[in-house]
*Asks:* 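Mind looking over this structure? Questions follow.
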Number of protein chains: 2
Amino acid sequence: MTLAANANGVNFRQHGPVDANRNRRTRYHHGDLRNALISAATDLARTGGPEAVVLREAARRVGVSATAAYRHFDGHGDLLHAVKLQAHAGLAASMERAAAAVPPSGDERIDTDRRFRALAHGYVAFAMAEPGLFRTGFQHEGTLRTNDSPEQVRSYSMLTEALDDLVARGLMPVSRRPLAETAAWAPMHGICLLILDGPLAQLDEAARSEAVERLIDVVMGGLCRP
Amino acid sequence: MTLAANANGVNFRQHGPVDANRNRRTRYHHGDLRNALISAATDLARTGGPEAVVLREAARRVGVSATAAYRHFDGHGDLLHAVKLQAHAGLAASMERAAAAVPPSGDERIDTDRRFRALAHGYVAFAMAEPGLFRTGFQHEGTLRTNDSPEQVRSYSMLTEALDDLVARGLMPVSRRPLAETAAWAPMHGICLLILDGPLAQLDEAARSEAVERLIDVVMGGLCRP
DNA sequence: GGGTCATGTTTACGACGTCAACATCCGGGC
DNA sequence: GCCCGGATGTTGACGTCGTAAACATGACCC
């Protein structure tokens, strides 16, 4: 990873000609330290979960003194919070990808059902692929403030739209629409954590996806039964 | 809290006559340090969650040097693990209490249904009453080993029996029995964490229990539909 | 009654989060 | 073109944490 890489793909400013001999940061000012720190901290979370998000280590990796971070973050909690936002962004992206990958079948009712299930799969897939990030995203410390994560809003609205579609296509009775977001979200969230940190950790890959499939069936059945 | 108090209610040994003037531990040997430390650490978890389980602070509260803990635990992780067992014990007790409180209605089918729902309520009730302990119980660090928590086995077998009862009373088709434990557990676990650490944290008490009730209905509907 | 081993204590080390004081340098006003 | 102020980064220090090594105490067995 070069120093120029960061979470948002923003390169830091170049003032004056770059010294090719030692372009690995000799400049006193970094130029994009905030993003660089977020990126480093996110890597830490990816590898070791929330406990691994250590301010000093992130600074070390960026090649900067630990206290420099305080020019851009309120402290460790604030840095951790920034990583949580990254995690939720990844989660939303995974759900979006899964839903977008549903091939049109010609039957809109079938597609609507599949898109809803795909959201659930995308959720679980992210948790399995990035357990450290997933855990960090739902860490209690530094709980997300309202309205501070457009990514979380995005994933929530994807869910809402999928549920509305189920109603629109007549797959789910309107009477069951209230609180369906919670009823759909909680089961998938729960199974992710039971697999990552709970008693389901011992299951092998096959048993896991079987359990996930069964769970989705139960939820769909409960939500959509007439 | 006196020094004699501990997780198992075991008083530590009294050798020789107790000095009434300073019975607050002047003896060199504590007598029941392991349990005293677990109790103190559990209090820390209860108040502040897993991050608050600090070995030195637990030792301080017991009135003992920090390194004394190493005579009874492998280190911080081992102490935390002991707290996790306490948490799971409390969780199982809460479920058991809730199930036992179901009043007999005369109709066994109704009672079976109510007992199952009561288990779910007991699960959530514990998470709401002891958020710090609940979080600590499902902390990744120091994940429970197989077979090392009889309490966890107990709560799991309560769930298994409740599901078997649903089948026995004809409330749930046998075809839906496989993997029902996971399908029932995950939703309740998920909603607890979404409320404690996730986006459902902002809901007031009324909205929460409504969401929980709705979730239980969806799960029951999905599990039991013919 | 004396030795032994479990159980506590003291001291020390490195890592962490954080604060205060100091250094560097970018950009705007003369 | 220069200079100065504020943004940005560094150094050094403090208290806390987990942990290890060396030492102290005393319960129990022969």
Side-chain angles (χ1 to χ4, degrees), chain A residues 3 6 10 12-19 24-38 40-41 44-45 48-83 139 141-142, chain B residues 3 6 10-19 22 24-38 40-41 44-45 48-83 139 141-142:
Chain A
L3 267 175
N6 63 56
V10 179
F12 56 89
R13 284 171 285 163
Q14 307 286 351
H15 358 73
V18 175
D19 183 346
R24 264 193 75 74
R25 170 173 164 76
T26 51
R27 292 195 303 304
Y28 191 91
H29 286 78
H30 181 283
D32 193 26
L33 185 51
R34 172 167 234 274
N35 283 320
L37 285 171
I38 292 177
L44 290 173
E51 302 88 3
V53 176
V54 169
L55 186 145
R56 292 181 97 115
E57 173 63 17
R60 217 173 285 131
R61 292 191 174 195
V62 174
V64 107
S65 75
T67 50
Y70 283 78
R71 302 296 177 191
H72 302 277
F73 300 93
D74 268 356
H76 175 259
D78 196 31
L79 176 60
L80 187 61
H81 181 259
V83 176
Q139 170 88 337
E141 220 182 350
Chain B
L3 267 175
N6 62 58
V10 179
N11 290 337
F12 57 90
R13 282 170 287 166
Q14 307 285 349
H15 357 74
V18 175
D19 182 346
R22 7 165 231 162
R24 261 194 77 73
R25 170 175 163 72
T26 50
R27 292 194 304 305
Y28 193 91
H29 285 78
H30 180 283
D32 193 27
L33 184 51
R34 172 168 233 275
N35 283 320
L37 286 171
I38 292 178
L44 291 173
E51 300 88 4
V53 177
V54 168
L55 186 146
R56 294 183 95 115
E57 174 63 17
R60 217 173 284 132
R61 292 191 175 196
V62 174
V64 105
S65 75
T67 51
Y70 283 79
R71 301 297 177 190
H72 302 278
F73 300 94
D74 268 357
H76 175 261
D78 196 31
L79 176 59
L80 186 62
H81 181 259
V83 177
Q139 172 86 337
E141 220 182 350

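The chains referred to below are lettered A, B, ... by the order of the sequence lines, with proteins before strands, and numbering in each begins at 1. Keep in mind that this is a model prediction, so the values were computed, not measured.
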*Asks:* Measure the distance from CG on L55(A) to P on dT10(D) and round it to the nearest whole Å.
*Replies:*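 Distance, rounded to whole Å: 13 Å.
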*Asks:* Under 4.0 Å between a side-chain N/O of R71(B) and OP1 or OP2 of dC5(C), yes or no?
*Replies:*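 Indeed not, no polar side-chain atom of R71(B) lies that close.
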*Asks:* Which one, dT10(D), dT9(C), dC16(C), comes nearest to the side chain of A68(A)?
*Replies:*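 Between dT10(D), dT9(C), dC16(C), the one nearest the side chain of A68(A) would be dT10(D).
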*Asks:* Could you state the CZ-P distance from R61(B) to dC17(D), rounded to the nearest angstrom?
*Replies:*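 One finds 11 Å between P of dC17(D) and CZ of R61(B), rounded.
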*Asks:* What are the two closest heavy atoms between G75(A) and L55(A), and how far apart are they?
*Replies:* C-CD1, 4.0 Å
*Asks:* Return the value, rounded to whole Å, for the distance between atom OH of Y70(B) and atom P of dA22(D).
*Replies:* 17 Å
*Asks:* Taking for each residue the nucleotide of DNA chain C with the nearest heavy atom, is it T67(A) or E57(A) whose nucleotide lies nearer the 5' end?
*Replies:* E57(A)
*Asks:* Rounded to the Å, how far apart are D32(A) CG and dT8(D) P?
*Replies:* 11 Å
*Asks:* Rounded to whole angstrom units, what separation is found between the NE2 atom of H76(A) and the C1' atom of dT16(D)?
*Replies:*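 The answer, rounded to whole Å, is 15 Å.
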*Asks:* To the nearest 0.5 Å, tell me how far L37(A) CG sits from H72(A) NE2.
*Replies:* 7.0 Å
*Asks:* Any chance you could measure L80(B), atom CG, to I38(B), atom CD1, to the nearest 0.5 Å?
*Replies:*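 Reported to 0.5 Å precision, the distance equals 11.5 Å.
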*Asks:* Tell me the interatomic distance from L33(B), atom CG, to dT25(D), atom P, rounded to whole angstroms.
*Replies:* 18 Å
*Asks:* What is the distance, to the nearest angstrom, from the CZ atom on F73(A) to the P atom on dT8(D)?
*Replies:* 12 Å
*Asks:* Send over the distance from D74(A) CG to dG17(C) P, rounded to a whole Å.
*Replies:* 15 Å
*Asks:* Nearest to the side chain of S65(A) - dT10(D), dG18(D), dG8(C)?
*Replies:* dT10(D)
*Asks:* Let me see the working for E57(A) and L44(A) under side-chain contact (heavy atoms from CB on, under 4.5 Å), right down to the final yes or no.
*Replies:* CA-CA 9 Å; E57(A) 173 63 17; L44(A) 290 173; 3.7 Å; yes
*Asks:* Can you check whether H72(B) has a side-chain N or O nearer than 4.0 Å to OP1 or OP2 of dA6(C)?
*Replies:*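 Looking at the OP1 and OP2 atoms of dA6(C), neither is under 4.0 Å from any side-chain N or O of H72(B).
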*Asks:* Checking all strands, does R34(B) fall into the base, sugar-phosphate, or nothing category for heavy-atom contacts under 4.0 angstrom?
*Replies:*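 Nothing: the residue R34(B), judged by heavy atoms under 4.0 Å, touches no strand.
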*Asks:* To the side chain of R56(B), which of dG18(D), dT18(C), dG9(D) is closest?
*Replies:*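 Among the listed nucleotides, the one closest to the side chain of R56(B) is dG18(D).
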*Asks:* Which atoms form the tightest heavy-atom contact between A82(B) and F73(B), and what is the distance?
*Replies:* CB-CE2, 4.1 Å
